[in-house]
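The block underneath contains the structure these notes are about, expressed in structure tokens.
Along the sequence shown, residues are numbered consecutively beginning with 1. These numbers come from the heavy atoms of this one structure, side chains and all, not from hydrogens, waters or symmetry mates.
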Amino acid sequence: MDLRWICFSFLLAVIGIIVRGEEEGTCSIFSSSCEMDSKAPLYWKVTNPTLNPSHLQDLPGFTRSIYKRDHALITPESQVFSPLPDWINTLGAFLITPAVGSHFTMYLTKMQEGSQSALPQKDIERFIFVVHGSVELETETLHKLDVDAYAYFPPNTHHLMKSNEPSTLIIFERRYDKIKAKLPEIIISSTDKQPLLETPGEIFELRKLLPTSASYDFNIHIMDFKPGEFLNVKEVHYNQHGLLLLEGQGIYRLADNWYPIQAGDAIWMAPFVPQWYAALGKTRSRYLLYKDVNRNPL
């Protein structure tokens with residue numbers, strides 16, 4: 001088949017995706033109406049991405065996902081959900097696991113009415129963040145976690161999550177790196193309760209969801225960028241990252257690659273991979289970022 005005909009067919013398919021997106025009220029780089037629906041719930045694009053899997057049905061075999069030695073981009077059309085072991089009526093999609101070289105796991109869970117969580121394995125700590133719906137959390141007391149709420153559980157801590165409606169969580173787990181310090185405590189809070197922190201030399205807004213004391217061997221950052229803002233530092237460091245874009249769109253540089261990303265995309269960053277982000281579009285970008293801290297890399 002003539003290469004020009006293949007390229008022309010591909011272009012027609014992409015145009016079809018854009019047109020359907022406009023008809024369904026989504027926005028694209030060609031649209032003049034990309035303002036977020038003021039009535040839409042917070043983080044709704046995580047579970048309803050602008051370029052969602054249904055838009056790619058006319059492009060068999062196409063995915064924006066990519067895996068390399070030191071990074072990965074995992075986009076919604078590539079996420080594979082299956083029943084989570086020991087959980088009740090819950091599906092999970094593992095986005096990052098030690099199979100790629102990480103020391104943590106990052107996965108999405110889809111809970112329904114009657115869903116219940118299971119405990120992590122022995123000596124595993126867990127962080128949960130609600131991106132859609134709500135869950136009931138049982139520890140020593142009862143809590144209701146809505147969108148933007150989160151909880152951290154030290155290793156071997158009893159807890160139970162239940163859902164009475166469709167709900168989506170992003171979860172991080174890792175084997176706790178114990179040191180001679182006070183053990184971490186259960187944290188239950190929400191993003192809006194955390195103060196904005198200074199970011200010398202940078203212009204983005206930063207919140208840290210966990211305490212910065214030595215008891216905690218990782219933290220979760222919430223980073224906000226206005227359209228056109230970008231990281232000033234082109235980072236190369238020993239820390240590992242797991243990222244979920246909660247809102248907006250932009251360009252992420254990883255090693256020598258430049259990736260357009262949108263809400264709902266997840267990224268794995270290995271130690272020392274060059275990384276940089278710039279926010280595009282007409283609405284803010286917000287991402288949630290895992291980062292290991294307070295431990296000697298040796």
Please check if the number of heavy atoms outside Y176 that lie under 6.0 Å from its OH is greater than 12.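 Enclosed.
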
For [X] and [Y], which heavy atoms make the closest approach, and how far apart are they?
{"X": "P83", "Y": "L91", "result": "N-CD2, 3.6 Å"}
{"X": "V135", "Y": "S167", "result": "CG1-CB, 4.2 Å"}
{"X": "I188", "Y": "A151", "result": "CG1-CB, 4.1 Å"}
{"X": "G264", "Y": "L244", "result": "O-CD1, 3.9 Å"}
{"X": "S285", "Y": "A279", "result": "OG-CB, 3.6 Å"}
{"X": "Q249", "Y": "G281", "result": "NE2-CA, 3.8 Å"}

Under 3.5 Å, is there a donor-acceptor pair between the side chain of [X] and the main chain of [Y]?
{"X": "R253", "Y": "A255", "result": "yes"}
{"X": "Y152", "Y": "L209", "result": "no"}
{"X": "E229", "Y": "A278", "result": "no"}
{"X": "Q262", "Y": "G248", "result": "no"}
{"X": "R175", "Y": "K122", "result": "yes"}
{"X": "N239", "Y": "K291", "result": "no"}
{"X": "N89", "Y": "E113", "result": "yes"}
{"X": "D70", "Y": "A270", "result": "no"}
{"X": "N156", "Y": "D123", "result": "yes"}
{"X": "S102", "Y": "V100", "result": "no"}

Using the rule that Ile, Leu, Val, Met, Phe, Trp and Tyr join whenever any side-chain heavy atoms are under 4.5 Å apart, tell me whether [X] and [Y] fall into a single cluster.
{"X": "I74", "Y": "L56", "answer": "no"}
{"X": "V293", "Y": "L197", "answer": "no"}
{"X": "L84", "Y": "L160", "answer": "no"}
{"X": "M223", "Y": "I203", "answer": "no"}
{"X": "L119", "Y": "F153", "answer": "no"}

Hey, could you give me the [atom1]/[atom2] distance between [X] and [Y], rounded to the nearest 0.5 Å?
{"X": "Q275", "Y": "H237", "atom1": "CD", "atom2": "NE2", "result": "4.0 Å"}
{"X": "R126", "Y": "E173", "atom1": "CZ", "atom2": "CD", "result": "4.5 Å"}
{"X": "I170", "Y": "L246", "atom1": "CD1", "atom2": "CG", "result": "9.0 Å"}
{"X": "E247", "Y": "R286", "atom1": "CD", "atom2": "CZ", "result": "6.0 Å"}
{"X": "D148", "Y": "S190", "atom1": "CG", "atom2": "OG", "result": "6.5 Å"}
{"X": "S115", "Y": "N164", "atom1": "OG", "atom2": "CG", "result": "9.0 Å"}

What I'd like to find out is whether the side chain of [X] reaches to under 4.5 Å of the side chain of [Y], using heavy atoms alone.
{"X": "S65", "Y": "L73", "answer": "no"}
{"X": "V131", "Y": "V147", "answer": "no"}
{"X": "I124", "Y": "P155", "answer": "no"}

Between [X] and [Y], a side-chain donor and acceptor under 3.5 Å:
{"X": "Y107", "Y": "Q79", "answer": "no"}
{"X": "H159", "Y": "T157", "answer": "no"}
{"X": "S163", "Y": "E136", "answer": "no"}
{"X": "K45", "Y": "T50", "answer": "yes"}

Check the pair L206 / H221 against side-chain contact (heavy atoms from CB on, under 4.5 Å), numbers first and verdict last. CA-CA 7 Å; L206 170 66; H221 295 182; 3.8 Å; yes

Taking ring pair (Phe, Tyr, Trp, His ring centres under 6.0 Å) as the test, write out the residues that go with Y277, two or more places apart. F225, Y252, Y287

Salt bridge flag under 4.0 Å for residues [X] and [Y]:
{"X": "K162", "Y": "E138", "value": "yes"}
{"X": "K178", "Y": "D217", "value": "no"}
{"X": "D224", "Y": "R207", "value": "yes"}

Between E125 and Y216, does the side chain to side chain donor-acceptor pair (under 3.5 Å) criterion hold? Intermediate values first, please. CA-CA 10 Å; E125 55 190 332; Y216 298 84; over 6 Å; no

For the pair F104 and F172, name the ring-plane relationship: parallel under 30°, tilted 30 to 60°, perpendicular over 60°. tilted

Evaluate the ring planes of F129 and F127, with Trp represented by its six-membered ring, and classify them as parallel (under 30°), tilted (30 to 60°) or perpendicular (over 60°).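 It falls in the parallel class, under 30°.
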
Could you list the residues that satisfy side-chain hydrogen bond (donor to acceptor under 3.5 Å, both in side chains) with T212, not counting sequence neighbours? none

Step by step, work out the side-chain contact (heavy atoms from CB on, under 4.5 Å) result for E77 and R64. CA-CA 8 Å; E77 73 276 1; R64 294 185 299 114; 3.7 Å; yes

Can you pull out every ring-ring contact (aromatic ring centres under 6.0 Å, His included) where at least one residue sits in residues 65-93? Sequence neighbours excluded, please.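 Residue pairs with at least one partner in residues 65-93: H71-Y259.
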
Under the criterion side-chain contact (heavy atoms from CB on, under 4.5 Å), I'd like the reasoning laid out for I220 against L289: C-alpha separation, chi angles, the key distance, then a yes or no. CA-CA 5 Å; I220 301 294; L289 183 79; over 6 Å; no

side-chain contact (heavy atoms from CB on, under 4.5 Å) for R174 and D292? Distances and angles first, verdict last. CA-CA 10 Å; R174 66 168 287 181; D292 52 303; 3.7 Å; yes

